[in-house]
Student: 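Got a structure for you, questions after.
On a predicted model such as this, the values are computed, not experimentally measured, just so you know.
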Amino acid sequence: MPMEPTSIIPLAAFDVENGETTPVPDPWPAIGAAQGYRWLHLDLNDPDTRAWAKASLPEIAARALGQSETRPRCERLGDGLILNLRGVNLNPEADPEDMVSLRMWITGNAVVSARIRKIWAVDAMRQEAEQGRAPSTIGQFLAALTYGLTSRIERVSLDLEEQTDDLEEALADGRRVEADRLSRLRQTVIKLRRFINPQREAIAALAGLDGWILTPEELALLRETSNRTRRIVEELDATRDRLSALQDHIEADRAHALSRNSYVLSVVAAIFLPLGFLTGLFGVNVAGMPGTATPMAFWFLTLSSLLCGIALFAIFKLSKWL
């Protein structure tokens, strides 16, 4: 029978009191701190992490922490809180819209967070903690975390807006816009918006937790982040609509060009139809054809065909078919 694990290797393990951090040396750390709060940041790629969560957390919280696929949520569970958020994927050779999930279990004296892939906003807080600094309270921790996640999302959203501006300027200047580039940009905006909207709802629910461990000042900070997230969703909606308008404009230009070319070909065919009839008629090799004995007959026929073509062109022009 395999032995139960007795240690884990957290990505970060600190006790925080009055904004100062102390590393947690315990190989199998307890869930909370005696003073202040304890922050444990776990790597779900470590197989022992799930065993620790199962042994240390409520059953529902442990399952939520270990889920492979999550969506942003904020739900109270007894005296604790299940909070799932997402951050843009800023890892090398990754697409930012392929967002990374952060799972958290929060109580009055503990923050347990877990991830599969690196989240840069959390890593920045880990680096600060290693230097001995951290938010003084759990409310400030959540405010700083949501602010960091939202700021990075906002930068990606602004970059998508700038790319859309470039496409609009290119189209206005008559330059060619690659359809593949436009399609990829639209897919990026749609995918990012799909994740950000439920995150907006989760942060708004977090900012509405009156009567819990969060102070009014901390709730105000969270509400400000919630408003920023709402603006990001609105900006993504506007960018998506602008890209759709660009796509419609490009398709309309293509349809117009195709229609114009087809029209020109039809007019050319109409002009050469009687000329083709004349050449076919005078090209038959039967007795009785006029001009066969006249040396200038060929030039008369050529001149007649040219005059007929000019006359047909003039008729079409006067009829405003051209």
Side-chain angles (χ1 to χ4, degrees), residues 12 14 16 19 37 39 41 64-65 70-77 80-90 96-108 110-115 117-129 133-161 189 191-240:
F14 297 97
V16 182
Y37 68 92
W39 177 33
H41 186 46
L65 206 70
T70 67
R71 58 168 292 151
R73 62 186 286 201
C74 177
E75 296 180 8
R76 288 289 305 276
L77 178 64
L81 176 73
I82 296 175
L83 180 63
N84 290 346
L85 298 174
R86 283 184 178 267
V88 288
N89 193 348
L90 300 178
E97 71 275 8
D98 186 18
M99 302 189 74
V100 184
S101 179
L102 176 66
R103 309 149 177 85
M104 287 185 284
W105 168 247
I106 304 162
T107 64
V111 175
V112 180
S113 58
R115 56 81 163 166
R117 292 174 292 177
K118 182 177 179 179
I119 302 175
W120 290 84
V122 181
D123 193 64
M125 298 183 69
R126 177 191 62 79
Q127 294 177 21
E128 288 287 322
R133 300 184 300 271
S136 299
T137 65
I138 288 180
Q140 292 178 13
F141 180 95
L142 293 175
L145 175 62
T146 54
Y147 178 85
L149 292 172
T150 303
S151 295
R152 287 165 174 80
I153 294 171
E154 194 170 38
R155 286 199 291 269
V156 172
S157 175
L158 290 175
D159 180 65
L160 294 174
E161 282 191 66
V189 171
K191 189 174 181 180
L192 188 62
R193 200 265 182 202
R194 186 182 65 188
F195 289 122
I196 300 303
N197 190 50
Q199 178 131 322
R200 173 187 63 82
E201 297 174 355
I203 296 177
L206 179 62
L209 290 177
D210 293 320
W212 195 48
I213 61 174
L214 306 176
T215 66
E217 293 77 12
E218 293 162 353
L219 290 172
L221 293 173
L222 289 170
R223 280 193 290 270
E224 178 61 26
T225 302
S226 176
N227 290 332
R228 289 182 64 192
T229 309
R230 182 180 295 108
R231 288 197 300 270
I232 291 173
V233 172
E234 292 171 353
E235 291 166 358
L236 289 173
D237 286 339
T239 302
R240 179 191 60 190

Student: Pick from V189, I232, V88: which one makes a side chain to side chain contact (heavy atoms under 4.5 Å, CB included) with S157?
Tutor: I232
Student: So if I apply the side chain to side chain contact (heavy atoms under 4.5 Å, CB included) rule between M99 and each of I153, V156, L149, I119, which one comes out positive?
Tutor: I153
Student: Under a 3.5 Å cutoff, is there a donor and acceptor pairing between the side chains of T225 and T150?
Tutor: no
Student: Mind listing the closest non-hydrogen atom pair of L83 and C74 along with its distance?
Tutor: CD1-CB, 3.8 Å
Student: Any donor-acceptor pair under 3.5 Å linking the side chain of R152 with the backbone of G148?
Tutor: yes
Student: Enter the distance from R223:CZ to R230:CZ here, rounded to the nearest 0.5 Å.
Tutor: 11.5 Å
Student: So, do M125 and L145 sit near enough that their side-chain heavy atoms are less than 4.5 Å apart?
Tutor: yes
Student: Any idea which heavy atoms bring R71 and N84 closest together, and the distance?
Tutor: O-CB, 3.5 Å
Student: Which pair of heavy atoms, one from S136 and one from Y37, lies closest together, and at what distance?
Tutor: O-CE2, 3.6 Å
Student: Are P135 and W39 side-chain neighbours, meaning at least one heavy-atom pair lies under 4.5 Å?
Tutor: no
Student: Heavy atoms only: give me the nearest S113-M104 pair and the separation to one decimal.
Tutor: CB-CG, 3.6 Å
Student: Please name the pair of heavy atoms, one in L219 and one in A207, separated by the smallest distance, quoted to 0.1 Å.
Tutor: CD2-O, 3.4 Å
Student: Among T137, I138, T107, which residue meets the side chain to side chain contact (heavy atoms under 4.5 Å, CB included) test with I213?
Tutor: I138
Student: With rounding to the nearest 0.5 angstrom, report the CZ to CD1 distance, R76 to I82.
Tutor: 11.0 Å
Student: Working to the nearest 0.5 angstrom, can you tell me the gap between F141 CZ and T146 OG1?
Tutor: 10.0 Å
Student: Check the pair L81, W212 against side chain to side chain contact (heavy atoms under 4.5 Å, CB included), reporting the backbone distance first and the verdict last.
Tutor: CA-CA 10 Å; L81 176 73; W212 195 48; 3.6 Å; yes
Student: Mind listing the side-chain donor-acceptor pairs of residues 194-204 below 3.5 Å, one per line with the distance, residues two or more places apart or on another chain?
Tutor:
{"residue": "N197", "atom": "OD1", "partner": "R200", "partner atom": "NE", "Å": "3.2"}
{"residue": "N197", "atom": "OD1", "partner": "R200", "partner atom": "NH2", "Å": "3.0"}
{"residue": "Q199", "atom": "OE1", "partner": "R86", "partner atom": "N", "Å": "2.6"}
{"residue": "Q199", "atom": "NE2", "partner": "R86", "partner atom": "O", "Å": "2.9"}

Student: Is the closest side-chain heavy-atom distance between R117 and N89 below 4.5 Å?
Tutor: yes
Student: What pairs with R240 under salt bridge (Lys or Arg N to Asp or Glu O under 4.0 Å), at least two apart in sequence or on another chain?
Tutor: D237
Student: Nearest 0.5 Å please: distance from the CG atom of L142 over to the CD1 atom of I106.
Tutor: 4.5 Å
Student: For E224 versus R231, what's the shortest heavy-atom pair and its separation?
Tutor: OE2-NH2, 4.3 Å
Student: Any non-hydrogen side-chain atom of E217 less than 4.5 Å from a side-chain atom of Q140?
Tutor: no
Student: Taking the side chain as every heavy atom from C-beta outward, state whether V100 and W120 have any atom pair closer than 4.5 Å.
Tutor: no
Student: To the nearest 0.5 angstrom, please state how far the CZ atom of R73 sits from the CG atom of L85.
Tutor: 11.5 Å
Student: Name the one of N227, L209, L214 that satisfies side chain to side chain contact (heavy atoms under 4.5 Å, CB included) with L222?
Tutor: L214
